[in-house]
Amino acid sequence: MVCALLVTAAWHTLSYGVPAPRALGAATGLLALIVAVAARSDLVRQVAWPVLLLATAGALSGLVLLGRVSGRGGWRPLGDRSRRLLGGPRRTVPVALAAVLLLGAQFGETVATSAVASRLRLAHLDDYAPWGDRQRRQAEAIAQADGWPGYRTDPGREQTVANDPMLVGGQGAQYYSSHTSDVLFRTLTALGAGWTSGGRSPQSLDNAVTDAIFSVGARVHSPPDPHQSRYPEPAGRVTVSRQDVPPLVTVRPTAAPSPAFGPSPYRNQELLLGARVYTVPRLVVGAQTVTARCPAGSEAYLWAPHFSGTAQLTGAPGPAARFRSDASKRAAMQPLGTVPPSGRLTIELSAHRPGRIPVGAVGCLDTGRLGTVVQRLKTTGATKVTVSDGTIRAELPAGSKGIALVAAPRIAGWRCATGHSAAVPAGNYHGLISVPLDGTSNAFTCTFRPPGLRLGMTVGGVAFASILLLGVVGVVRRRHPRRPSVRPASQGDLAKIA
């Protein structure tokens, strides 16, 4: 829009001929001031200076050509200007040179801009391996472990692309979209998940508690992507771990509002789970280590969303956990291993860029307590769940009361009905779909319809019908033109003729 306005203003100005020296001097001073101010910005790349010189040379050459043309006889008014400009060879040659100059300058600027934009875009994009044996093994592992809708199968933290569930199968959250719902983004972030592309591409969260919340019964583990240049692929193979998890629909005893999400992802996970399962110890953070004390045998996790590097629990087998964060990425919570019998854990850090470890970064999971909670949720949860297109149907134990919690984000458009009652907008329980239960019905149905679909179809139908009606009216008028009405001549008319 700004460029279009500048071109319009330039055309209007130069249509009257070459500007006077005073106007050219003022414009040159203004341009120099803009260049001096812009040169201090980090947004100005090195390629901007050759482009500026090219544009300046093109502008000066254009003014010289304009001066040569306007100097021969001057300029006529607008209606005669084009004939004067193209009136003969002496004017045609400068016009042709001006056209070549304009096209050449625009082509040069376009090439330079495209080169810089492409380089910057590629620098911000993740580099994934092309389709090959790695992806085929991953897809085969997912197909063998798939149990939907009994449970979800997550493609894993090591992604093939930003849309793994679409490409290799499974039911994870790793989808890239410029329309990623705000409720999904906020819920996953509050639980400790990571993302790329400024939040448009959520990443898988390898965590036992969130696996229980979202009914992830199988998880694929792949070696690092060989195209991630910082982390070459070690010897390894695709494996699948399985977890005992509740069904997609669970029942919570009360519909009373619980506290909102807070700063700790461990406490936020407990809110959705409905039980305390973590110990969040006090930390001692050094230059390259983090130490804390946790119950022996618990599973240690590290949450450092703004840390980029590796972290490894001293004495734990396997490779170090990787954290990636920058202006457009947020690192996900990572499992580190089992707390030693002494209860003292030491995490060794290797930072790739300056970062920080937040307060409450370490959480130690009591796996035995989590197992007890999972068994309770399985006992009180849905006995049968069916999923088709945009509909979820669940059958519950008789007399279920409280709320039914569906392990899916509560985005606008979900409507639920229990028994034979009318559908109403679904409830929102910390970002997930909830349905109130009063013990009189042991089944419910939730259906998704995009918001505004009915209104949009109505408006579109009316507009389409209006277009058809106008077309029909036009055809009828052309086939049956109205004849001018003829009235009998009056005595006064005859007198005038006479």
Under 4.5 Å between any side-chain heavy atoms of [X] and [Y], yes or no?
{"X": "Gln334", "Y": "Trp303", "value": "no"}
{"X": "Leu365", "Y": "Ser298", "value": "no"}
{"X": "Leu345", "Y": "Leu336", "value": "no"}
{"X": "Arg134", "Y": "Pro223", "value": "yes"}
{"X": "Leu396", "Y": "Val249", "value": "yes"}
{"X": "Tyr266", "Y": "Thr279", "value": "no"}
{"X": "Val238", "Y": "Val220", "value": "yes"}

Under 3.5 Å donor-acceptor, [X] side chain and [Y] backbone:
{"X": "Ser421", "Y": "Thr418", "answer": "yes"}
{"X": "Gln138", "Y": "Pro155", "answer": "yes"}
{"X": "Ser441", "Y": "Leu437", "answer": "no"}
{"X": "Thr383", "Y": "Glu395", "answer": "yes"}
{"X": "Ser325", "Y": "Phe307", "answer": "yes"}
{"X": "Ser118", "Y": "Ala115", "answer": "no"}
{"X": "Arg369", "Y": "Arg276", "answer": "yes"}
{"X": "Gln174", "Y": "Asn163", "answer": "no"}
{"X": "Asn268", "Y": "Ala190", "answer": "yes"}

For Thr250 and Arg252: C-alpha separation, side-chain torsions, deciding distance, then whether side-chain contact (heavy atoms from CB on, under 4.5 Å) applies. CA-CA 7 Å; Thr250 56; Arg252 305 305 165 87; 3.4 Å; yes
Residues Arg137, Glu140: salt bridge by 4.0 Å N-O rule
no
| query | Are Asp211 and Arg152 close enough for a salt bridge, meaning some N to O gap below 4.0 Å? | reply | no
Modelled atom types, side-chain donor and acceptor of [X] and [Y], under 3.5 Å:
{"X": "Gln203", "Y": "Ser201", "value": "no"}
{"X": "Thr391", "Y": "Asp389", "value": "no"}
{"X": "Arg353", "Y": "Ser308", "value": "yes"}
{"X": "Glu299", "Y": "Thr338", "value": "yes"}
{"X": "Arg242", "Y": "Tyr151", "value": "yes"}

What one should report as the nearest heavy-atom pair of Pro165 and Gly170 is CB-O, 3.7 Å
In short, Val251 meets Thr380 closest at the heavy-atom pair CG2-O, 3.3 Å
Those residues at least two apart in sequence (or on a different chain) that pass salt bridge (Lys or Arg N to Asp or Glu O under 4.0 Å) with Asp154 are Arg219
Residue set satisfying side-chain contact (heavy atoms from CB on, under 4.5 Å) with Val37, at least two apart, ordered chain then number -> Leu33
Would you say Arg393 has more than 12 foreign heavy atoms packed within less than 6.0 Å of its CZ?
no
Residues 152-200 vs ring pair (Phe, Tyr, Trp, His ring centres under 6.0 Å), sequence neighbours excluded, gives Phe185-Trp195
*asked:* Ring-plane angle category for Tyr301 and Tyr278, please: parallel below 30°, perpendicular beyond 60°, tilted otherwise.
replied: perpendicular
